[in-house]
Q: 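Handing you a structure now.
Chain letters run A, B, ... following the sequence lines, proteins first, then strands; residues in each count from 1.
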Amino acid sequence: MSRYDPATTEPKWQDAWDKAGTFLARRDPAKPKYYVLEMFPYPSGRIHMGHVRNYTMGDVVARYKRSCGFSVLHPMGWDAFGMPAENAAMEKGANPRDWTYQNIADMKQQMKPLGFSLDWSREFATCDPEYYGQQQALFIDMLKAGLITRKAAVVNWDPVDMTVLANEQVIDGKGWRSNAEVERKELTQWFFRISDFADELLTALDGLKDWPEKVRLMQSNWIGKSRGLEIDFALTAPTAGPEGTIDSVPCYSTRPDTLHGASFIAISFDHPLAKALEVSNPEMAAFNADCRRMGTTEEALETAEKRGFETGLTARHPTEDRELPVWIGNFVLMDYGTGAVFGCPAHDQRDLDFARKYNLPVRNAFHMPSASEEVGAEALVPPKTEPVIYVNQPAGVTQATSQEAIDRTIDWFEENGLGRGQTRFRLRDWGLSRQRYWGCPIPVVHCDACGVVPEKKENLPVELPLDVSFDKPGNPLDRHPTWRDCACPACGKLAKRETDTMDTFVDSSWYYARFTAPRATTPTVAEDVDYWMNVDQYIGGIEHAILHLLYSRFFARAMQITGHLPKAAIEPFNALFTQGMVTHEIYTTRDERGRAVYHLPEEVEIVERAGNRRAYLRAEVDDLPENMPNFDRDDARNVLDLVGTRVDIIPSAKMSKSKKNVVDPVSIVESFGADTARWFVMSDSPPERDVEWTASGAEAAYKFLGRAWRLAAEVDARGPGDAAHDADLMKAMHRTIAEVTAGIEGFAFNKAVAALYAFANAVQRTDASAGAKRQAMLTMAQLMSPMTPHLAEEIWHMLGGTGLVADAPWPKADPTMLVEDSVTLPIQFNGRRRSEITVPKDMPREEVEKRALADDAVVRALEGRAPKKVIVVPGRIVNVVV
RNA sequence: GCCCGAGUGGCGGAAUGGUAGACGCAGCGGAUUCAAAAUCCGCCGCCGCAAGGCAUGUCGGUUCGAAUCCGACCUCGGGCACCA
């Protein structure tokens, strides 16, 4: 073979690995284990560059750890339940099961050529009855352990399609298909009691040292521990409610220090008081009904215009002789706190906007020490650590930081029996019921005599029926008579199966544990989870920073309580890495009505001249030679400006089908090979940031791999060389080993790649002996092998390496080869670089200073003045200050 | 709206308190070639003939020294509990 030829070599080495069983994970008590996991994909049917990047990162770590002597577990599976399968069923009449398994087969076929070091023998899909049956067993154990409860929750209800909508199916408050105004509807639902673990999930975050700080912060804020005060505001006129007379409104506040500034009470439209009053007040009922049409997301609530309805009731201020009007506010939710708040406009922007709108009074509870201005358009909300001057503070605080004042206020109210200090969490219980077909059936039965009864474990899995139709909206399980009707597991009488299925987040909350024993007839097996758990390195998108990761952490605890995981695995992911997206430019033209029309990258011709990039529709460019006999592609821009259609280039955006800025990994692998795709996604951009896919970047990656191949093939071509240069090459080699190792260990793959580029330049330019070059290229192959495993095997084999490079131990940098004898120091004059000197590494500070002051540029700059100060930082810099 | 990030040449980025722009792309010049592709060598932040000046989203601060630390702002991205 005389050239780099990935099309033939890549399948060859993949076969070699398969035959040798190189990547099968084995429990090997003689070796330390390492578990690498990438967030498993949803089987959409097509892999995209984001997948390639995600799995390449995991593969680099897996292959590297393997070389370092670890017994590695690197599995792959499919997050296979979810709405797209049902949508496909509705749109194309496909069966969700067939559609999903076909997609899995397609995606696996696209993924295999990339050469990932995966143990495919452990593959499973969450829609396999073998998997979800064990999930049902977990559910039953958790139900019996008191980790699951049932209660009412609000869902998006489409009154036309008579179905529950996901948040993404609600567009501008309307159902995506019916276009009907969506309503809030209460349903009884199953919940995981995750809020019982709020404090534990919060404090345990401190132990997750190898998680990104930002993810821990996001989770911490999400859990939202707060200390506040619950105070009763007595109604001046008690009102008859559904469950007796309501004579006060309890309000929870994290800012009880500002009670003097309270100027109104706002209650939720679902508050018992609101429900009691609306019966006799049609106008209020209409307002409340309107509120109940709002979306269920926090975002919808927070961004909606703040509106209120005055109830006419008043409540007494608990410590001052005045009354506050009671309003219904669309921004107060019954699920939070007590469903009622006191409004303090001066120190809360939302309350201030509300007060200005409805002409409610605004009074300062405190001022800044420097000024005592009344609040205008903006609420006064200084950091809680800044001292402020209080006015008529209930606990008698005059000057203090807000934090101190809050603590003292809570104490004072408790001492005087006027309120209750409380710790609350923002985290709510995890509603897991979904009114959908394509999910894991909730294994319970509703019996008229026995109530809610869990299915017997021997009857698991409760399998989804296959004879379903999606011609009508709603959940087909709900109208499937033979599936729905069943025997009560307790009394044996005719009963009804639960027709709700589980949230797909449940599926992904324990798959990491299942990979340790994917075929077991129990959810997990002790000796396997003992050996393999935890996941040592977890890799996935930042979009999962909160929900998926928090739910998984909860599940690990629940599985420990129910005996499915050891105590040591209570935090399932030792280290977490969140990678960025793969982006691409978007190409648009406008149609006759001015709307954007998107074009695929391959439909666009980019013409680049003098630093300007312009794009044209390729079809027109291809037509040109016929139209113009003297067509010169170099001069295409000028010609195209006259006859071509200009295409606008919109810089990097997340790849999406609708914007047509997608690059298909399959076509990249076909034209350049898997190693090029892998090398490209690892180079240039740091892995936590987004990477922009560019055609020229992919070509550059391909060219470099060809160059590396040639350097190896031509080790002897330039003659025996000169052994006098060997030491320099070996120094460069050891420096490269150190840099690549540090790059992989520190998830800075782009820096590892840069070091390999530099090393290739060094090998190319050296006059060292052929033997030294051979050694350099063998090491180069090893260092490249995690990123470009096929090429590495090829070079290794070509240069006579023993066995597979995948089995060779990772090279170690010799520390004595990394030290330099002399060092070049920049010399600054008043902080600006003027010159530099090269001195022996260990030169004493005084001598360095003397040399620096004797430097021509320094003498010139001093103009005869004496330096005021000379700063010498050994090994780094000299700064002369006058 | 709230929470969390990110902003450095024409482009991707490097430098985490000490020479801003490593390495790569694009571009420019040269070698090789009948020619082209490929390959190889060199140049390459901006202004300036030069000396020098200006430059890390914007404005201010700390420091002998700031891309890096602090404060305010701007823009873009992620999440907001039924998308996965």
Side-chain angles (χ1 to χ4, degrees), chain A residues 3 39 41-42 44 79 81-84 153 155-156 164-170 212-215 217-222 224 296-304 306 331 349-350 426-436 503-505 507-508 541-548 550-551 578 580-581 583 608-613 651-654 683-686 688-692 694 696-697 699-701 703-704 706-707 710 748 750-751 753-758 761 764-765 824-828 830-836 868-871 873 875-881:
Chain A
R3 64 190 176 85
M39 290 179 187
Y42 179 80
S44 61
D79 190 11
F81 277 134
M83 295 202 305
V155 296
N156 300 305
V164 177
L165 298 180
N167 285 332
E168 71 159 7
Q169 297 173 316
V170 180
E213 181 60 34
K214 63 177 169 182
V215 174
L217 239 184
M218 280 190 261
Q219 290 215 354
S220 168
N221 289 336
W222 185 262
T296 55
T297 68
E298 190 175 304
E299 186 188 3
L301 186 83
E302 290 278 343
T303 52
K306 306 292 170 278
F331 55 92
Q349 191 60 45
R350 193 174 59 180
R426 207 184 76 98
L427 180 67
R428 309 198 299 259
D429 278 337
W430 168 16
L432 69 110
S433 301
R434 296 292 180 271
Q435 294 70 42
R436 282 182 235 296
D503 177 11
T504 56
F505 272 124
D507 312 334
S508 55
I542 185 65
E543 67 272 21
H544 295 294
I546 297 174
L547 293 179
H548 162 62
L550 193 61
Y551 291 160
T578 54
M581 299 179 297
T583 62
E608 198 147 3
R609 279 198 108 190
N612 269 318
R613 296 175 77 234
S652 74
K654 183 179 181 169
S683 52
D684 291 352
S685 283
E688 68 276 14
R689 268 209 240 165
D690 295 348
V691 63
E692 165 97 4
T694 62
S696 58
E699 272 163 38
K703 281 185 192 172
F704 175 74
R707 186 150 78 96
R710 273 194 311 282
N750 56 322
K751 291 188 227 168
V753 166
L756 286 163
Y757 268 108
N761 291 340
Q764 186 147 349
R765 278 162 208 167
T824 300
L825 296 178
I827 301 176
Q828 293 184 335
N830 282 342
R832 311 191 67 103
R833 184 181 172 280
R834 286 298 138 127
S835 181
E836 62 182 33
K868 201 158 96 191
K869 199 169 169 189
V870 180
I871 291 149
V873 183
R876 310 254 22 172
I877 204 163
V878 180
N879 191 6
V880 179
V881 185

Q: Which value, in whole Å, describes the distance between the P atoms of nucleotides B/A67 and B/U19?
A: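 Taking atom P in both B/A67 and B/U19, they lie 10 Å apart.
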Q: Pick base, sugar-phosphate or nothing for A/H544, based on heavy-atom distances below 4.0 Å to the nucleic acid.
A: base
Q: Looking only at side-chain N and O atoms, does A/K306 come under 4.0 Å of OP1 or OP2 in B/G1?
A: no
Q: Return the pairing partner of B/G18 with a 3.5 Å limit on both distances, Watson-Crick or G-U wobble; otherwise return none.
A: B/C64
Q: Measure from the side-chain N and O atoms of A/N750 to the backbone N and O of A/S683, and report whether any donor-acceptor pair falls under 3.5 Å.
A: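 Absent.
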Q: Give me the ring orientation class for A/F704 and A/Y757: parallel if the planes are under 30° apart, tilted from 30 to 60°, perpendicular past 60°.
A: tilted
Q: Would you say B/A84 has OP1 or OP2 under 4.0 Å from some side-chain N or O of A/T504?
A: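 Yes, within the criterion.
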Q: I want to check one thing: is the phosphate of B/G24, taken as OP1 and OP2, less than 4.0 Å away from some side-chain N or O of A/N750?
A: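 For A/N750, the contact criterion (side-chain N or O under 4.0 Å from OP1 or OP2 of B/G24) is not met.
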Q: A/R3 CZ to B/A37 P: how many Å, rounded?
A: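 It is 19 Å, rounded to the nearest whole Å.
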Q: Can you tell me if A/R765 touches the phosphate of B/C41, counting only side-chain N or O atoms and a distance under 4.0 Å to OP1 or OP2?
A: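 For B/C41, OP1 or OP2 has a side-chain N or O of A/R765 closer than 4.0 Å.
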Q: Quick check for you: among B/G53, B/G18, B/G1, whose closest atom lies nearest to any side-chain atom of A/R834?
A: B/G53
Q: When you check the phosphate oxygens OP1 and OP2 of B/G13, does a side-chain N or O of A/S685 lie under 4.0 Å from one of them?
A: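 Yes, such a contact exists.
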Q: When you get a sec, tell me which of B/C4, B/A84, B/U39 is the closest nucleotide to the side chain of A/K214?
A: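 Looking only at side-chain atoms, A/K214 lies closest to B/C4.
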Q: Could you say whether A/N830 or A/L427 is positioned toward the 5' end of RNA chain B, judged by the nucleotide with the nearest heavy atom to each?
A: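 In this pair, the answer is A/N830.
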Q: Measure CG/A/L756 against P/B/A22 and give the value in whole Å, please.
A: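 Rounded to the whole Å, the gap is 18 Å.
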Q: Take A/T296 and A/N167 through the test side chain to side chain contact (heavy atoms under 4.5 Å, CB included) and record every step on the way to the result.
A: CA-CA 8 Å; A/T296 55; A/N167 285 332; 3.1 Å; yes
Q: Would you mind classifying the nucleic acid contact of A/W222 as base, sugar-phosphate or nothing, using non-hydrogen atoms under 4.0 angstrom?
A: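 Contact class for A/W222: base.
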Q: For the side chain of A/N156 and the backbone of A/V164, is there at least one donor-acceptor N/O pair under 3.5 Å apart?
A: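 Flag not set: sc A/N156 to bb A/V164 has no pair under 3.5 Å.
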Q: Between B/G10 and B/G71, how far is it from one C1' atom to the other, in whole Å?
A: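 34 Å, rounded to whole Å.
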Q: Classify the nucleic acid contact of A/N221 as base, sugar-phosphate or nothing, counting any heavy atom under 4.0 Å across all strands shown.
A: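 Sugar-phosphate, backbone atoms only, no base.
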Q: Is B/A84 paired to anything, Watson-Crick or G-U wobble with both distances less than 3.5 Å, and if yes, which nucleotide?
A: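 The answer is none; no pair meets the criterion.
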Q: Hey, does A/K703 reach any base, or is it just sugar-phosphate, or nothing, if we go heavy atoms under 4.0 Å?
A: sugar-phosphate
Q: Quick check against the 3.5 Å criterion: does A/E302 have a side-chain atom that pairs as donor or acceptor with the backbone of A/E299?
A: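 No; judged by distance alone, with no hydrogens or angles, the pair does not exist.
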Q: Need the pair for B/A36. Rule: Watson-Crick or G-U wobble, both distances under 3.5 Å, any strand; none if unpaired.
A: none
Q: Treating A/Q219 as the side-chain partner and A/A545 as the backbone partner, does any N or O pair qualify as donor plus acceptor under 3.5 Å?
A: yes
Q: Which part of the nucleic acid does A/R832 contact within heavy-atom distance under 4.0 Å: base, sugar-phosphate only, or nothing?
A: sugar-phosphate
Q: Got a donor-acceptor contact below 3.5 angstrom from the A/R426 side chain to the A/W222 backbone?
A: yes
Q: Distance check needed: B/U19 C1' versus A/I877 CD1, whole Å only.
A: 6 Å
Q: Let me know the distance between CZ of A/F505 and P of B/C80, rounded to the nearest Å.
A: 7 Å
Q: Taking any heavy-atom pair under 4.0 Å as a contact, classify A/R426: base, sugar-phosphate, or nothing.
A: base
Q: Using whole Å, report how far CZ of A/R689 lies from C1' of B/G7.
A: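 Nearest whole value for this atom pair: 8 Å.
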Q: Report yes if at least one side-chain N or O of A/Q764 is closer than 4.0 Å to OP1 or OP2 of B/C40; otherwise report no.
A: yes
Q: Measure from CD on A/E699 to P on B/G12 and round the result to the nearest Å.
A: 19 Å
Q: Strictly by Watson-Crick or wobble contacts shorter than 3.5 Å, is anything paired with B/U75, and which nucleotide is it?
A: B/A6
Q: Partner lookup for B/G42, please. Criteria are Watson-Crick or G-U wobble with both distances under 3.5 angstrom; report none if nothing qualifies.
A: B/C28
Q: Quickly work out the A/D79 CG to B/C82 P distance and round it to whole Å.
A: 15 Å
Q: In this structure, how many angstroms lie between the C1' atom of B/C2 and the CZ atom of A/F331, rounded?
A: 15 Å
Q: Taking the C1' atom of each, how far is B/G21 from B/U16, in whole Å?
A: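 It comes out at 16 Å once rounded to the nearest Å.
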